[in-house]
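Presented below is the structure to which this report refers.
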Protein chains: 2
Amino acid sequence: MNGSPTAAGEAESLRRREASWYEKPSFTVELVIFTVRDQRLQVLLIKRAEPPAKGCWALPGGFLDPCRDESVEACAVRKLVEEAGVRAPYLEQLKTYGSRDRDPRGWIVTTVYFALMASDSVRLGGNQEAVRWAPVRGDGVTFELAFDHARILADAVERLRSKLEYTHIAVHLLPEEFTLPELQRTYEIILQQSLDKSSFRRRVAQADMLEEIPGKLRDGSGRPARLYRFRDYDRQTFFPRSISRHAR
Amino acid sequence: MNGSPTAAGEAESLRRREASWYEKPSFTVELVIFTVRDQRLQVLLIKRAEPPAKGCWALPGGFLDPCRDESVEACAVRKLVEEAGVRAPYLEQLKTYGSRDRDPRGWIVTTVYFALMASDSVRLGGNQEAVRWAPVRGDGVTFELAFDHARILADAVERLRSKLEYTHIAVHLLPEEFTLPELQRTYEIILQQSLDKSSFRRRVAQADMLEEIPGKLRDGSGRPARLYRFRDYDRQTFFPRSISRHAR
DNA sequence: TCTTTTAGTTGCGCAATACAACTATTATGC
DNA sequence: GCATAATAGTTGTATTGCGCAACTAAAAGA
C-alpha cells in the first residue's frame, strides 16, 4: 500500500507497483463449514477433481475473481452458495495463510472463513459424490486432507470452541426454533464435556438472547421442551466475567 | 485452491489457474504498531511519500515480495524491522481486508498484523519527519488516515481491548522489567477505566505469569514497587471464568 | 395408575469477588 | 528526627455467583 520510509525501500516499492512483470502471489478463499449432525460436529469437504492433490479431500474454496467479487467476504459468500447451497447463516473470517511452500504451484495466499449452519438447512450443490460431511474427532478428521488443510481445520475447531466459551454462536448450528436442551447438547457435543443444567440455563437467561415462542412445544420421549428463537444476530458478548468487572 | 463442484465452476477455475492473463489482486501487508507513551495508547503512522494519498498519514506496510518473503508472517516481521527498527516483541494477525474500492489503484488484498512494544525499545528507522506516534482517542486518531486505515485501526483497538480482558498481552507494552502498579496502569490506560487493586493483583497472582526479581525495586515518589519479569511468552490464557466451568 | 423419561426449578454450601480499611516503606519539609 | 505526604502492598468482610443435588412437572407407555 505504501513504501517503507527508507529511500531504497521506496524505490523498490515504487518499482514493484509500476512494473508489470512483478509477480503477485495467487489469492484464494477457503471455507470451513461446520454443522452438528448425528450428535457430532461435522465439517464439509470436497474431493479434488484436478491436480495437485487430485482425489484428496479438501476444504471448499477457490480463486478470488476480481471481476465478479466486490470483496473478499463477498467471494466467501459466493463460494458458500456454490459449494453448500446456503445463504448466510453465520460467516466469520478465521485467518489468512500464506507461504511459499503450502502449495506445489507456488506462492498462494488464502483467506479462510468459517461458517456455521443448521444441518437441515444444507442443500449440497453439484456432484454428490465429491462432497461429504466428515465428523470431527479431537481437532480434525480421521483421514488426510490436501495441502495444509488439516492445520487450517485444527485452527477453525479451536476458534469455534473458544468462541463458544464466551459467545452465542452455537445458536447458528441449530434450526431457527430450538429448545434449551438441544442448545445445551450442541455445546456439549462441541466442547466434548457435559455441562450443568441449572448453570447453563442461568447463563442463557442472564444473557437475554432468546425469546420464547409462546405455546409451541417440541416433544420427544419425555416432557416436551419449550421452543425458543434467537433474538439478536448482532450482539456477540455473552460472558459476565471479564477484567472490566474490576472497575469501580 | 480447488474448483467448485459444478462442471461450469471447474472449467472456469481451471481456465483461471492456467491462463496467464488472469488478473490477480495485489497483496500487501500492513501493521498496527501500538505502544503506551505519556500515559496514552499510541499508534505508529507513516506519512505517504507517493500518490495515492500522498502526504496523508497511514499505517506502515507494503507489498509482499514472493522472492524475499517465506510467508505472510515473515513479511510482517520484515516490515516491522524496516519501519520501526524492532525485532519481535509481540505480533499477531489481525484481519484481512480486500475489496475493489479500498484503493484507487484497484483490487488490493491487505493482511493486517498488530504489534505491541515497549516505547523505550523503539528506534524509529529512516526519515524521522515521515514517522510519528499518534495518541489513540476512543477508537482512533484525531485526524484523517489514508484509505480505509481508520476502520482498520478501529478494529485493531477493539481487538487489543478485548484481548486485554482475557490474556496477558499488556506485558508486551512494558519494558522487560516492570512493577505491578505499572502493569495495572497500562490496563487502565487502554481500557479507559480504573481497576480495583486487590482484585487485579489476585488475578495476576493466580495466573502465575510473572516472576519477581529478587531485591530489585523501582522508586518513585512513595514506597518503591517490586520489579517483575514476564515468565512465559507462549501461554496465553488468563481467565478462570468460562463456560467450561460448568463441567462436572 | 404406576413407571419411565425428559424438562424445568429451587435451595444451599462453598468459593470467588468487590470494596474498603489497613499496614508498609520511601521521600520531603520543618 | 519527626510529622506528613505519597505510593505500595495486604487483610478482612459482606455479597455474589456458581456447582451440585434434590425437587417438581409433564408427557408416554405398560
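First the proteins, then the strands, lettered A, B, ... as listed; each starts at 1. The shown structure was predicted, so the numbers you read here are calculated from the model rather than taken from an experiment.
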Do the side chains of Arg132(B) and Trp57(B) get nearer than 4.5 Å, heavy atoms only? yes
Separation of dA26(D) C1' from Asp219(A) CG (nearest whole Å): 11 Å
Distance, rounded to the nearest Å, where Leu195(A) contributes CG and dC20(D) contributes C1': 14 Å
Out of dG8(C), dA6(D), dT5(C), minimum distance to the side chain of Ser221(A) belongs to dT5(C)
From the candidates dA8(D), dT6(C), dA18(C), the one with an atom nearest any side-chain atom of Ala225(B) is dA8(D)
What's the closest nucleotide to the side chain of Pro181(A) if the choices are dT17(C), dG8(C), dG9(D)? dG8(C)
Which nucleotide, dA8(D), dA27(D), dA7(C), lies nearest any side-chain atom of Leu217(A)? dA27(D)
Tell me the interatomic distance from Arg185(A), atom CZ, to dT5(C), atom P, rounded to whole angstroms. 15 Å
Close N/O contacts between protein and nucleotides 10-14 of chain C (under 3.5 Å):
none

Are OP1 or OP2 of dT17(C) and a side-chain N or O of Gln206(B) less than 4.0 angstrom apart? yes
Whether Glu92(B) side chain and Ala115(B) backbone form a donor-acceptor pair below 3.5 Å: no
Is His172(B) reaching over with its side chain to a backbone N or O of Tyr90(B), donor-acceptor style, under 3.5 angstrom? no
Could you tell me whether a side-chain N or O of Gln42(A) sits under 3.5 Å from a main-chain N or O of Phe34(A), the two making a donor and an acceptor? no
Using atom CD of Glu182(A) as one end and atom P of dG8(C) as the other, report the distance to the nearest whole Å. 10 Å
So, does Arg226(B) get its side chain near the phosphate of dA24(C), meaning an N or O under 4.0 Å from OP1 or OP2? no
With Arg226(A) via salt bridge (charged side-chain N to carboxylate O under 4.0 Å, His left out) - residues at least two apart: Glu212(A)
As a quick check of understanding, evaluate ring-ring contact (aromatic ring centres under 6.0 Å, His included) for Phe178(A) and Tyr228(A), giving each step before the final call. CA-CA 5 Å; Phe178(A) 54 88; Tyr228(A) 292 86; 7.4 Å; no
Return the value, rounded to whole Å, for the distance between atom CG of Leu183(A) and atom C1' of dG8(C). 15 Å
CZ of Phe200(A) versus C1' of dC20(D): gap in Å, rounded? 17 Å
Go through the N and O atoms of the side chain of Arg223(A) and the base of dA27(D), and report whether any donor-acceptor pair is under 3.5 Å. no
State whether the side chain of Glu30(A) and the backbone N or O of Thr111(A) hold a donor-acceptor pair below 3.5 Å, judged by distance alone. no
Provide, to the nearest angstrom, the distance between the NZ atom belonging to Lys197(B) and the P atom belonging to dA21(C). 13 Å
Measure the distance from CD on Gln184(B) to P on dG9(D) and round it to the nearest whole Å. 11 Å
Base, sugar-phosphate or nothing for Arg218(B)? Non-hydrogen atoms, less than 4.0 Å. nothing
